[in-house]
Structure formats: C-alpha cells, structure tokens
**Q** 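Pasting a structure below so you can have a look.
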Amino acid sequence: MIETLRTRLSQGLLLLACSLLVINLAILLYGVFARYLLNASPIWMDELARYLVIASVMLCAGTVYLRDEHMRVNIINRFATGRWGQLLALYHWLVVLLLTGFIAWVSARYAISIQRFMTPGLGISKSIPLLSLPIGFGALCLLTLLRGPVTHTAHSTEN
Amino acid sequence: QTINLSYNGAPDAEKNAVHLFASNLKKLVEEKTGGELELKLYPNSMLGEEQERMEQVMNTPSLNIASFGGVSPQFPEIFVSAIPFMFDGFDSARDFFDNGEYWKASQEEFYNRTGARILAVVEEGGFLAFTNNERPIHSPADFDGLRFRAMDKSQVALFESFGASGTPIPWTEVYMALRTGVADGQMNPPMYIILGSLFEVQKYLTLADIQYSDQFLIGNGELIDSLSEEDRKALQEAVVEANEINREAVESQVESRVKFLEEQGMEVYKPTEAELAEFQQIGQPSYIEWLKEQNIDQKWIDSALKDAGLAQ
Amino acid sequence: MMLASMLAAFVANVLLGLPLFVCLLLAAVVGFFFVDLSLLPRMLPQQLFAGIDVFSLMAIPLFILAGNLMNSAGLTPRLIDLAKALVGHLRGGLGYVNVVSSVFFAGVNGSAVADTSALGSLLVPAMKKEGYSTAYAAGLTAGSSLIGPIIPPSIFMILYASLTNTSVGDLFLAGVIPGLILGVAFMIMNWAYARKAQLAVTGTRPTLRGVTVALFQAAPALMAPFIIVAGIVFGFVTPTESGALIVAYAVAAGLFSRHLDWQGIKSAVCETTRLSCAIFLIIAASAVVSWLLAFAQVPSEFSVLLAPFSDSPIITLLLLSLITFVTGMLMEEVSALMLLTPVFLPVAMQAGVDPVHLGIIVTMNITIALITPPMGACVFVAAAVSKLDLSVMFRAIWPFVLVALCTLILLILLPQITLFLPELLG
Ligand code: NA
Ligand code: NA
C-alpha cells in the first residue's frame with residue numbers, strides 16, 4: 001500500500017518534471033523562431049524558461065533521491081554493515097527527513113511573504129515560481145518518510 | 001554598530017561611480033560618528049542581485065544601493081522619473097530630485113509600501129546617449145528600421161516609438177551582439193560605453209541626454225528609526241556630502257569621457273535644440289503611453305512633468 | 001571558527017554518505033548560527049532559489065540532453081569509426097583513436113563523465129586486445145575525457161560565467177585551443193607509450209574513400225559543435241538557445257537516420273531530467289554557502305592573504321591552481337567550482353588576470369579534479385567500465401594527471417593561447 005503510493009508519487013513527479021523540461025525546450029525554440037521570423041522577442045521568455053527548469057529540477061528531487069542518484073560519496077557504506085549499517089541508515093533518514101521538512105516549511109513561509117513582488121517579465125507574483133521550493137522539498141520529505149529508514153542503495157528501491 | 005551596505009559593480013572608484021559614493025559614505029559616516037557607526041561594504045552584488053538585495057534591505061537592518069531593476073517591482077512609479085528627454089542638463093535633473101513634488105511623494109509612497117526609505121539619488125554616469133553602427137542619428141527619423149538592444153520593457157517602448165525595434169540582450173552579451181549585428185545600437189551613459197568597450201564596435205554616438213543615469217540608496221526603515229538622534233543626523237549629513245562629491249566627480253568626467261570616445265574613433269553628435277525637441281515630441285508620448293499600460297496613475301506623471309517644467 | 005565548523009559539518013556528513021546537497025545545506029545551517037540565525041528563514045530559501053535562477057544555467061540540461069540524444073541515436077560508434085579511419089593506421093592507433101574521439105565527442109557533450117563511460121565501454125576492450133595494458137587503456141580514456149569540458153560546450157564554463165558575469169560565448173571560444181592542446185599532449189604521451197610497449201601496427205593506411213564514408217556517417221555528430229560555436233560567434237543565438245537548437249538538431253538527425261525512436265527520446269529526456277536535478281540541487285545549495293561566505297567577507301580576507309603575490313598574475317594563478325588541486329581531490333567538482341570561484345575572482349582581478357583567462361584556468365583545474373583520486377568521477381567510471389580495481393586505477397591515473405597539469409601550466413604561462421580566439425572573433 002505504502003509502496004504503491006510511493007512509486008506512483010515518485011513516477012508522477014518525474015513525469016511532470018520531464019514535461020516541464022520539454023516545454024522549456026519548446027519555449028526557447030519558439031523564442032529563436034520569433035526573433036528571426038516574427039522579428040519580435042517576447043520579454044517574458046527567458047524568465048519563463050528559468051522558472052520551468054527550476055520547477056522541473058525541484059519536482060523530481062524526491063524521485064532522484066529514491067533512486068540514489070544524488071551525488072554522494074559511497075565509502076563508509078561498504079564498511080558499515082549489520083547494526084552499524086542500520087544505525088547509519090537511521091541517521092540518513094532522520095537528517096534528510098528533518099532538513100527537507102524544515103526547508104519546505106521556511107521556503108513556504110518565504111514564498112508567501114514575497115507575494116507582493118512582481119516578476120519583471122511575466123508580471124506574476126514572485127510567490128508562484130518560488131512555490132517550487134516548498135513543493136519540491138516537501139515531496140522529498142514525504143517520499144523519504146514513506147520509504148522508511150532502510151539502507152540506501154539504488155537496488156533496495158524502485159528502478 | 002556595523003551596518004551592511006551592498007551595491008553592484010566593482011570596488012573601483014575610477015570606473016564605478018556607485019563605489020565612489022559608497023566608499024565616501026563609509027568614510028564620512030565613520031568620521032562623523034567617531035566610529036560609533038561603521039559601514040561594511042559589499043560591492044559586486046555579493047549578497048544578491050537587484051531583487052534579492054531589495055528584499056534584504058526591506059527585511060534586515062541594512063543599506064542597499066538599488067537600480068531601477070531593484071526599485072521598480074515594488075514601486076513601478078519610479079519609471080516616471082525616467083521619462084525620456086525630460087531634463088536639459090545636470091542642474092534641472094538634480095533640482096527635480098532635490099526640490100520636486102513628485103520625488104517627495106515617491107519617497108513617502110515607497111516607505112508606505114516597503115517600510116524602507118529612499119535616502120538618496122546617487123548620480124551614476126551622467127546622461128544616456130544613443131550609439132549605433134549604421135548611420136549618424138540626428139533626429140528620430142534616422143532610427144527607421146534599426147535594431148536596438150533594450151535593457152527592459154520601457155526601452156523597447158522608446159525604440160519602437162522611433163520606428164526601430166528593441167531586443168532584450170543581457171549586458172554581458174551586448175558587445176558580441178553589437179559586433180555581430182544582432183543589434184545595431186544601444187543606449188547607455190559614456191561611462192558604460194567605455195566600461196564595455198562598446199566604442200570598438202559602435203561608430204556613431206548621439207548625445208541626446210535621453211535619461212538621467214541614477215541609482216537609489218535605500219535604508220531599512222527599522223534601522224533608521226532605531227538610530228540615536230545624533231547618529232541619524234550624522235548619517236543624513238554624510239549622505240548629502242557623499243552625494244555632492246559624486247555629482248562633482250560625475251559632471252567633471254563627462255567631458256573627458258566623451259573626448260576619449262572621440263579619440264577612439266567614434267563620431268560624436270550633439271543634437272540641436274530643434275532636434276532635441278523632435279526627440280521629445282515623439283519619444284515622450286509613447287513612453288507615457290507605456291507608463292499608463294503599467295497601470296501607473298496619471299497623477300504621478302502630471303506631477304513629474306510639472307516639476308520638470310514641461311507642463312503647467 | 002565559523003569556517004572550521006562549517007567545514008567539519010560538511011566533511012563529516014560527506015564521509016557518512018549523505019547526498020552532497022544535503023551536506024552543503026547542513027554546513028549552511030551551521031554557518032547561520034555563527035553569522036545571525038535570524039537571517040536563516042529568509043536568506044536560505046532566497047539564495048536556494050536565486051542560485052539557480054540564472055538564464056545561462058538553463059543551457060545545462062539542454063547540452064546534457066543533446067549528448068544523451070546523440071548517444072541514443074547511436075552516433076558515438078560513428079565518431080570512433082571516423083577517428084579510426086583518420087589515425088587508426090599509426091602505431092598505437094587505438095590510443096590515438098581514443099583521444100581523437102574525445103575531441104569529436106567534446107563538441108557534442110558538456111560533461112567528461114559521459115565521455116568516459118561512452119568511449120570507455122567501446123574502446124577499452126578493443127585496446128586490451130591489441131596489447132595495451134588495461135590500466136593504460138582506462139587511464140587514457142579518463143584522461144582524454146578531460147577534453148570534453150574544455151572544448152565547448154561546457155557545463156563548468158556556463159557555471160563560471162554565471163558566477164562572474166563573463167560572456168559564455170567568450171569562454172566557449174577561449175576553450176577551443178586549450179582543448180586541442182590537451183588532445184595533442186595526450187597523443188604525444190600515447191606515441192611514447194606505443195614505442196615503449198612496442199605495439200604492432202594493425203590498421204591500414206587511410207584511403208580517401210574510407211575517410212569520406214566515415215566522415216559522411218559521422219557528419220551529423222560533427223555538425224553539432226559548429227552549430228554551437230557558429231551560433232554564438234555570429235551572435236545569432238545565446239548559448240542557452242544554442243543548447244535548444246542542438247537538441248532540436250539531434251532529434252531531427254536521429255529521426256532522419258532512423259536510429260532514434262520514441263523510446264530513445266523518452267529515456268534521454270528522463271535521464272536528463274534526473275541528472276539536471278542532481279546538478280541543480282548542488283548548485284542551489286552551494287549558492288547558500290557562497291552567500292554566507294560572502295556575508296562573512298571570507299573572499300576579501302582571502303584576497304588580503306594573497307595580496308603579497310598580487311603583482312604577478314602567473315604566481316597568483318599557480319597558487320589558485322594549487323588550492324583547486326587540493327580541494328578537487330577531496331570535493332565534488334560542481335560544488336568546488338561554485339565555492340572557489342567567488343573567492344578567487346577578486347584575487348585574480350587584483351593581480352590583473354583576464355576574467356576569461358581565469359575562467360579557462362579554473363575550468364581546467366576543476367576538470368583535472370575529475371581524475372584525481374580519491375574523489376574523481378571520471379576515475380570511478382573508467383575503473384567501472386574497464387573492470388579494474390580502484391586501487392590499481394588510482395595508481396595508473398597519475399601519469400595522465402601529470403600530462404594535464406603540464407598543459408595547465410602552459411596555459412598559465414601563455415595567456416595568449418587562451419585569449420587568441422576570443423580576441424580574434426569576439
Ligand atoms: Na564539450
Ligand atoms: Na578529484
């Protein structure tokens with residue numbers, strides 16, 4: 001049950017992140033096209049491209065974590081086996097859970113606090129792009145919670 | 001007490017007028033308060049770009065020198081102070097900020113919206129001038145069909161009113177864009193034309209006094225209120241004196257900079273009164289139209305034009 | 001004190017195997033305790049976001065995607081075929097093929113790790129068969145992959161440009177000649193090795209026909225660097241847009257040659273998204289640490305420390321390189337670049353170093369860090385694809401590190417090499 005939920009959530013987020021990247025690509029290509037063939041450069045373009053990529057990388061942070069694809073040094077895991085390994089796994093789990101939860105919380109508060117800032121290109125509230133931080137870190141926190149304190153290798157989680 | 005002052009550009013008083021102001025302010029404040037107040041300088045946007053720094057000064061006890069990019073998201077009415085061809089020289093521009101109604105109201109409104117205070121208008125590089133590589137620009141008609149690099153939406157509006165087009169290009173890519181013809185021209189004060197070596201790729205310079213080039217010293221409201229009576233007075237005096245030094249330095253350098261550009265092979269043109277009037281007649285209404293599109297209340301525009309002696 | 005505590009928190013958690021971005025964020029939280037804890041709730045999210053809210057960084061996923069697409073479309077073996085047709089007939093032919101393929105590959109790919117894994121898995125077995133030692137074959141693969149981030153496009157240069165406000169186009173141009181020199185240096189090394197190991201000459205002399213066919217087949221991949229450099233030199237597009245164009249081109253070329261299908265595109269996009277996420281989180285987290293260092297005025301204290309050497313750009317660059325070399329042995333490359341650049345820039349400016357030259361030197365240094373043990377992504381990958389024990393690999397890599405260092409010193413001594421192209425074309 002929990003595993004299904006975790007897998008669904010993680011795959012859904014990745015799919016969304018991939019789509020945002022593709023949309024970003026389309027927008028950049030449209031920008032070049034517009035400049036040379038329509039002789040106009042929409043001023044919101046580079047801003048939209050930035051926000052899409054930021055949303056994309058933030059949304060799949062949790063998925064990448066479950067797949068153990070965040071860059072890290074894997075030395076001690078080879079020596080820490082048995083009870084030490086479990087202790088280490090618990091430490092990882094607690095640190096990631098608490099830190100990402102905390103960042104999700106402060107960034108949510110921060111995002112709301114700058115509601116009045118308007119972005120110069122799109123003219124939307126700066127809160128909107130900034131919400132990708134709490135959403136991304138929140139998802140990372142939730143996925144970590146759902147996975148539990150198990151030894152972290154790519155093989156022990158979904159591929 | 002130590003106060004952080006952040007700003008953009010290199011810590012080089014020769015090339016960066018903002019640093020000249022910041023370093024003088026630091027010296028004067030420390031002298032006047034006998035070291036009671038100290039300023040810690042953060043040049044080169046070390047603590048963040050315009051928007052981040054503006055947010056910091058609104059929320060933490062600090063000082064910041066902001067450009068239009070920093071002020072306008074909070075207070076788009078700042079663009080009214082950049083109505084093109086509004087001033088006929090340094091004196092009228094300075095008078096506009098020192099004694100005008102528009103600026104007094106702006107300072108109040110900015111404080112109401114952000115809780116931060118605009119403490120000074122820091123003179124930066126004189127007035128903006130047009131450069132391009134196609135033909136000498138004497139009047140608006142010469143703009144026809146040219147492609148200009150624009151810094152923001154307001155510049156796009158200005159160029160389009162002259163029959164040219166505006167393409168947004170970041171400053172770091174401007175030299176290359178001008179060299180390769182992605183853009184034919186741009187506008188900047190002589191200081192920036194020299195800083196970016198744009199004279200190597202631009203032939204014609206038109207000293208049309210387009211806009212006054214300035215940045216704004218912003219102080220956190222709570223910080224200012226928390227200062228003792230003497231310290232606050234000392235800070236205010238230091239700001240005024242540092243500003244005076246900047247004004248003298250900037251004005252005295254304008255001529256030598258233009259001469260330098262001439263020596264580098266640029267063809268310099270100073271439009272006549274009649275030509276300037278033509279720039280004004282075409283450029284101003286379209287820019288004001290753009291201001292209205294930004295939902296800026298007419299009263300700001302009226303008050304600014306009145307201060308500048310352009311309306312009754 | 002603040003610096004020591006941050007470093008301790010960082011190193012301890014790195015060794016415990018936590019993801020690097022988590023280690024950086026933990027170090028940042030520790031740092032906030034020292035400067036002003038009340039700044040944390042605002043500054044941490046602000047800088048996390050601002051660190052990646054930079055238009056030129058958006059080129060990174062695009063260049064990764066282009067490389068992945070070219071791989072999916074099976075263009076890598078064709079680049080190797082072309083290299084074989086050109087230099088395969090020489091003594092030690094496959095060694096030259098390895099280097100030349102890296103040069104070709106560099107024009108498509110922004111990262112050295114991709115180069116090592118793609119070329120290594122194809123070339124190391126073949127080199128073993130022709131009498132090269134496995135250690136040499138793996139070392140050469142890892143070493144020559146360093147050309148990847150020096151010849152444009154380059155993720156490291158994009159990052160450097162975003163941190164220093166330098167033109168990405170200038171940096172890309174500046175990297176071309178140093179990248180080629182690095183290639184020549186590895187070829188000289190291979191020449192010496194081939195003579196000493198008395199390798200047999202196996203290939204036949206190239207025929208015009210053979211070269212033409214191979215060139216034609218590899219053309220789609222070879223066009224990529226020209227599109228990038230031309231696009232930027234002539235200023236038609238920004239580097240980020242050129243990334244988008246290259247992706248479009250890779251898809252078109254792949255579909256046209258029928259080597260790329262829907263499945264290939266899908267997996268390339270998926271892989272790119274995940275790798276970009278890993279890179280961007282490190283950039284974002286490093287930005288928070290960089291901000292703290294700037295706030296505590298570490299960079300200016302550091303430049304005071306190096307002030308006695310500020311009248312010599314060469315000594316300054318050598319010192320900075322030494323610092324990067326040591327840091328790079330122990331640290332992941334993107335975060336090392338993010339943290340060191342803001343500290344180095346004021347020092348180098350004071351010594352009168354051209355920012356573009358500094359960019360190439362920093363890029364070169366960070367790239368060398370990819371093959372210096374114990375922390376070097378390319379060494380790990382090369383050992384893995386060659387099925388070589390890490391301890392053997394760690395010993396075998398040093399000659400290649402030495403060659404790269406010699407090239408670095410040459411670039412430091414003669415800035416003209418680096419600045420020639422940007423001054424000519426930029
Ligand atoms: Na490359
Ligand atoms: Na290393």
Side-chain angles (χ1 to χ4, degrees), chain A residues 14-15 17-18 20-22 24-29 31-32 35-36 46-47 49-54 56-61 63-65 67-77 80 88 91-92 95-96 99-100 102-103 106-111 113-114 129-130 132-134 136 152, chain C residues 13-23 25-26 29 40-46 48-49 52-55 57-62 65 231 236-238 240-245 247-248 266 269-270 272-284 332-335 374-375 377 380:
Chain A
L14 181 62
L15 185 69
C18 289
L20 292 177
L21 197 69
V22 173
N24 164 58
L25 179 69
I27 286 178
L28 286 170
L29 288 173
V32 179
R35 185 158 74 237
Y36 288 105
D46 91 27
E47 201 173 281
R50 275 171 6 230
Y51 294 161
L52 284 171
V53 171
I54 292 173
S56 165
V57 298
M58 282 299 159
L59 281 181
C60 69
T63 313
V64 174
Y65 181 64
R67 301 176 59 116
D68 193 20
E69 288 177 343
H70 281 296
M71 286 172 219
R72 69 192 190 100
V73 179
N74 209 341
I75 303 174
I76 213 158
N77 297 51
L88 191 63
Y91 176 72
H92 274 208
V95 168
V96 174
L99 184 76
T100 55
F102 175 68
I103 293 179
V106 289
S107 54
R109 285 188 40 167
Y110 172 74
S113 81
I114 55 163
L130 252 147
S132 41
L133 285 186
H152 199 167
Chain C
N13 285 296
V14 167
L15 290 177
L16 286 171
L18 279 164
L20 282 167
F21 81 91
V22 173
C23 304
L25 288 171
L26 285 172
V29 171
L40 187 145
R42 299 201 67 82
M43 293 318 300
L44 185 105
Q46 188 197 63
L48 262 180
F49 189 85
I52 48 177
D53 189 17
V54 180
F55 185 60
L57 292 184
M58 304 309 139
I60 291 176
L62 300 171
L65 181 56
F236 294 131
V237 288
T238 63
T240 306
E241 289 168 342
S242 85
L245 286 182
V247 170
K266 223 169 76 181
V269 170
C270 238
T272 305
T273 309
R274 294 190 330 250
L275 181 59
S276 308
C277 165
I279 295 176
F280 272 75
L281 277 182
I282 289 183
I283 298 174
E332 185 275 334
E333 289 70 31
V334 171
S335 36
M375 274 278 280
F380 293 149

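Within every chain, numbering begins at 1; the chains are lettered A, B, ... in the order of the sequence lines, protein sequences first and strands thereafter. Just so we're clear, the structure is a prediction, and the values are computed from it rather than from any experiment.
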**Q** Under a 4.5 Å heavy-atom cutoff, which of V96(A), N24(A), V95(A) has the most pairs with chain C?
**A**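 Looking at each option in turn, the highest pair count goes to V95(A).
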**Q** Between I54(A), L59(A), L99(A), which shows the greatest number of heavy-atom pairs under 4.5 Å with chain C?
**A**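 When all of I54(A), L59(A), L99(A) are compared, I54(A) has the most.
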**Q** For chain A, which of V247(C), L40(C), L65(C) has the most heavy-atom pairs under 4.5 Å?
**A**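 Counting heavy-atom pairs under 4.5 Å, the top option is V247(C).
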**Q** Is P61(C) in contact with chain A via its backbone, its side chain, both, or neither, using a 4.5 Å heavy-atom distance?
**A**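 Answer is side chain: those atoms of P61(C) sit under 4.5 Å from chain A.
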**Q** Are the side chains of R72(A) and L18(C) in touch, meaning some heavy atoms are under 4.5 Å apart?
**A**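 Side-chain contact under 4.5 Å: no.
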**Q** Where do M58(C) and A49(A) come nearest, in terms of heavy atoms and distance?
**A**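 In this case the closest contact between M58(C) and A49(A) is SD-O, 4.3 Å.
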**Q** Can you find a pair of side-chain heavy atoms, one from I103(A) and one from L48(C), that are under 4.5 Å apart?
**A**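 A side-chain contact under 4.5 Å exists here.
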**Q** Quick one: what part of F280(C) sits under 4.5 Å from any heavy atom of chain A, side chain, backbone, both or neither?
**A**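 Just its side chain gets close to chain A.
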**Q** Please classify the contact between P134(A) and chain C as side chain, backbone, both or neither, with a heavy-atom cut-off of under 4.5 Å.
**A**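 Nothing of P134(A), per the 4.5 Å heavy-atom cut-off to chain C.
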**Q** Answer with side chain, backbone, both or neither: which region of T100(A) has an atom nearer than 4.5 Å to a non-hydrogen atom of chain C?
**A**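 Neither part.
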**Q** Give, as side chain, backbone, both or neither, the part of R50(A) having an atom under 4.5 angstrom from any heavy atom of chain C.
**A**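 Answer is both: backbone and side chain atoms of R50(A) are under 4.5 Å from chain C.
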**Q** So what's closer than 4.5 Å to chain C heavy atoms on L130(A): side chain, backbone, both or neither?
**A**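 Interface part for L130(A): both.
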**Q** Heavy-atom cut-off 4.5 Å, strictly under: side chain, backbone, both or neither for L20(C) against chain A?
**A**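 The answer is both parts of L20(C).
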**Q** If you look at every heavy atom in H70(A) and P19(C), which pair is closest and at what distance?
**A**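 Nearest pair, atom of H70(A) first, then P19(C): CB-CB, 3.9 Å.
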**Q** Step by step, would you call S276(C) with V53(A) a side chain to side chain contact (heavy atoms under 4.5 Å, CB included)?
**A** CA-CA 9 Å; S276(C) 308; V53(A) 171; over 6 Å; no
**Q** Identify which part of I60(C) has an atom lying under 4.5 Å from any heavy atom of chain A, answering side chain, backbone, both or neither.
**A**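 For I60(C), neither part sits under 4.5 Å from chain A.
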**Q** Could you look at I52(C) and say if it's the side chain, the backbone, both or neither that has a heavy atom under 4.5 Å from chain A?
**A**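 For I52(C), heavy atoms of backbone and side chain both lie under 4.5 Å from chain A.
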**Q** Side chain from CB out, backbone as N, CA, C, O: work out which of these in L62(C) comes under 4.5 Å of a heavy atom of chain A, or both, or neither.
**A**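 L62(C) touches chain A through side-chain heavy atoms alone.
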**Q** For I27(A), is it the side chain, the backbone, both or neither that has a heavy atom under 4.5 Å from a heavy atom of chain C?
**A**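 Interface part for I27(A): neither.
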**Q** For L245(C), is it the side chain, the backbone, both or neither that has a heavy atom under 4.5 Å from a heavy atom of chain A?
**A**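 Both parts, backbone and side chain.
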**Q** Sort V54(C) into side chain, backbone, both or neither according to what part of it lies under 4.5 angstrom from a heavy atom of chain A.
**A**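 For V54(C), the backbone is the part near chain A, not the side chain.
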**Q** Counting heavy-atom pairs under 4.5 Å to chain A, which of A248(C), A278(C), S335(C) comes out on top?
**A**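 Heavy-atom pair counts peak at A278(C).
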**Q** Minimum heavy-atom separation for A61(A) to C277(C), with atom names?
**A**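 Scanning both residues completely, I find the closest heavy atoms to be CA-SG, 3.4 Å.
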**Q** Can you tell which part of V22(C) gets under 4.5 Å to a heavy atom of chain A, answering side chain, backbone, both or neither?
**A**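 Both parts, backbone and side chain.
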**Q** Between V106(A) and P45(C), what is the shortest heavy-atom contact and its length?
**A**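 So the two residues come closest at O-CG, 4.0 Å.
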